Student: 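Have a look at the structure that comes next, please.
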Amino acid sequence: MPSDPLFDGPSPRRRDFRLLLFGQTTSQLGAQVSTVAVPLLAVTTLHASPLQLGLVTASGTLAFALIGLPAGAWIDRWRRRPVLVAGDVARAALLTTIPLSAFLGTLTIGQLVLVSLLTGVARVFFDIGYQSYLPSVVGERGLLSGNASMEAVRAGGQLVGPGLGGWATTLVGAANVVLFQAVTFGLSAASLLAIRTPEPVPSRPPHGDGMVARIRQGVTFIWRTRVLRATLVTSVACNFSFAMASAVGFIFLVRTLGLPPAAIGFVLAAGSVMVMIGALVTPRLARRFGSARVVWLSLAVTGPVTLLGPLARPGWQVSLLVVATAAGELGQIVYAITNVTLRQRLCPAHLLGRVNATMRFFMMGPFPLGALLGGVLGEAIGLRATLWTAAAIVVVSPSPIWLALRGVRETEDLR
């Protein structure tokens, strides 16, 4: 783990943080296995078209647009840990229905869309609550190291998951692999229940301070904070690009490049290696280049490399896609860690749930549109042209945050 006072010697915080790490590692492993299994299930078993695969992808993030903002207002009124446990349990139960339906021979694209939609609702509450809960476990001084350590350990699951998913899909079938993800969510819930660090009692809103007013407070804080406003624009662009590429990516890998499931797992695992490396070196990069400067620099350096992806062709040129994927994952993980840490330091604790929810709403809300657009473009202009369009968006995405942080080296200088 990165050097930090929080991790120097045994302490209740250290124990609880390890429990949090364990839970997120197991659930992330299951999620990455399913990242391969579910699209392959749709493409190879249910013979999904680009538009149908776009619908499956889009449904998983539609909840951010539907309930993202009120979820933040609700979470700021509750303790975060029970919300996280409920999210894990709900996702485990929903995912179990996929292998059950496959066994009964009743699985359809419609069910994949519905399960993706409902697990997306649980994910909204989990993701918002998770980013708001972490400061309670690690304290303010441990935020950068806590975020980096969390991503490094979770990246272990990302590294093993795609390869395991491709291999397991070949061995036991994609539907059965989804059951593994359900089990990992159950383990995550158990680890959260074992945490002992007391969570502060949320302050009650003033009488008459209704839902709309509380949502407005989170939106207003971001709007009036130039740096957060800029990171929001950059994050929206990155996620929109990722959604477009996701809608056609697996079809490109299977039908254009002719890769078997195990090879697809290897391609994704190459990106996960860079996620792990990026998470481990982020504190060092922040010290070397500045905790504020590295936020935009991470994307500016790696973005142009992603243009190699659409150049991939069957044979040795598949390596171009591997390089592009690895570079993209490296830039995104360094950006994600430093961006979240920046937000946690700039935002007051009583607003953090709403600010996280607002950021998630605008970051993930356009994801269904990107996925649907990717599916439409995949059928209209072709898979390769769609990937070119997505890569071009990544290249220009760091411009807003560069303008906002130009000349600023450390996040402490922004206070």
Side-chain angles (χ1 to χ4, degrees), residues 16-17 19-35 38 57-98 112-138 146-147 150-151 153-154 157-158 161 178-195 197 199-200 202 218 239 336 340 344 352-361 363-365 367-368:
D16 287 346
F17 184 67
L19 285 169
L20 191 60
L21 281 174
F22 172 77
Q24 293 315 296
T25 301
T26 55
S27 63
Q28 187 66 20
L29 175 62
Q32 289 302 312
V33 168
S34 186
T35 297
V38 172
T57 304
S59 62
T61 55
L62 184 60
F64 283 97
L66 297 177
I67 63 168
L69 289 177
W74 288 324
I75 286 173
D76 273 343
R77 301 183 64 175
W78 305 330
R79 285 189 171 92
R80 279 75 184 253
R81 188 175 64 156
V83 175
L84 302 182
V85 173
D88 275 337
V89 171
R91 287 184 288 183
L94 288 164
L95 288 170
T96 301
T97 67
I98 292 179
L112 289 183
V113 171
L114 180 61
V115 170
S116 296
L117 176 63
L118 295 178
T119 55
V121 172
R123 180 188 170 190
V124 168
F125 284 94
F126 188 93
D127 284 2
I128 295 171
Y130 165 72
Q131 291 185 345
S132 304
Y133 180 58
L134 182 63
S136 299
V137 177
V138 303
N147 284 317
M150 186 71 70
E151 293 300 330
V153 176
R154 289 174 62 194
Q158 292 178 328
V178 178
L179 182 62
F180 178 76
Q181 183 184 8
V183 172
T184 61
F185 282 132
L187 291 174
S188 176
S191 68
L192 286 166
L193 287 171
I195 292 176
T197 298
E199 187 178 354
N239 281 2
V340 169
Q344 290 167 334
L352 190 53
R354 279 164 285 175
V355 167
N356 282 332
T358 303
M359 296 291 285
R360 284 281 180 173
F361 172 80
M363 286 165 54
M364 302 300 291
F367 200 104

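Computed from heavy atoms alone, side chains included, the values below leave out hydrogens, waters and symmetry copies. Predicted model, so just to flag it, every value in this text is computed and none were measured. For this chain, numbers begin at 1 and follow the sequence in order.
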Student: Would you compute the distance between atom CG of L94 and atom OG of S116 and round it to the nearest 0.5 angstrom?
Tutor: 10.0 Å
Student: On a heavy-atom basis, which atom in T96 and which in A182 lie closest, and how many Å separate them?
Tutor: OG1-CB, 3.6 Å
Student: Under the side-chain contact (heavy atoms from CB on, under 4.5 Å) rule, collect the residues that match up with A189, sequence neighbours excluded.
Tutor: V85, D88, V89
Student: Under the criterion side-chain contact (heavy atoms from CB on, under 4.5 Å), I'd like the reasoning laid out for Y133 against R79: C-alpha separation, chi angles, the key distance, then a yes or no.
Tutor: CA-CA 8 Å; Y133 180 58; R79 285 189 171 92; over 6 Å; no
Student: I need the L193 CG to I195 CD1 distance, nearest 0.5 Å.
Tutor: 9.0 Å
Student: Please name all residues satisfying side-chain contact (heavy atoms from CB on, under 4.5 Å) with A90, sequence neighbours left out, ordered by chain then number.
Tutor: A122
Student: Calculate, to the nearest 0.5 Å, the distance between atoms CG and CG belonging to L66 and L117 respectively.
Tutor: 7.0 Å
Student: Just how far is it from atom CG of L192 to atom CZ of R80, taken to the nearest 0.5 Å?
Tutor: 14.0 Å
Student: Not counting sequence neighbours, which residues clear side chain to side chain donor-acceptor pair (under 3.5 Å) with R81? List them please.
Tutor: none
Student: Tell me the closest heavy-atom pair linking L112 and S59, and the distance in Å.
Tutor: O-OG, 4.5 Å
Student: Calculate, to the nearest 0.5 Å, the distance between atoms CG and OG belonging to L20 and S188 respectively.
Tutor: 8.0 Å
Student: Applying side-chain contact (heavy atoms from CB on, under 4.5 Å), can you list everything that pairs with L187, at least two apart in sequence or on another chain?
Tutor: T26
Student: Evaluate the side-chain proximity of L95 to F185: yes if any heavy-atom separation is below 4.5 Å, no if none is.
Tutor: yes
Student: Considering residues at least two apart in sequence or located in another chain, which fulfil the side-chain contact (heavy atoms from CB on, under 4.5 Å) criterion with V121?
Tutor: A63, I67, F125
Student: Quick one: which residue pairs count as a salt bridge (Lys or Arg N to Asp or Glu O under 4.0 Å) with a foot in residues 114-124, not counting sequence neighbours?
Tutor: R123-D127
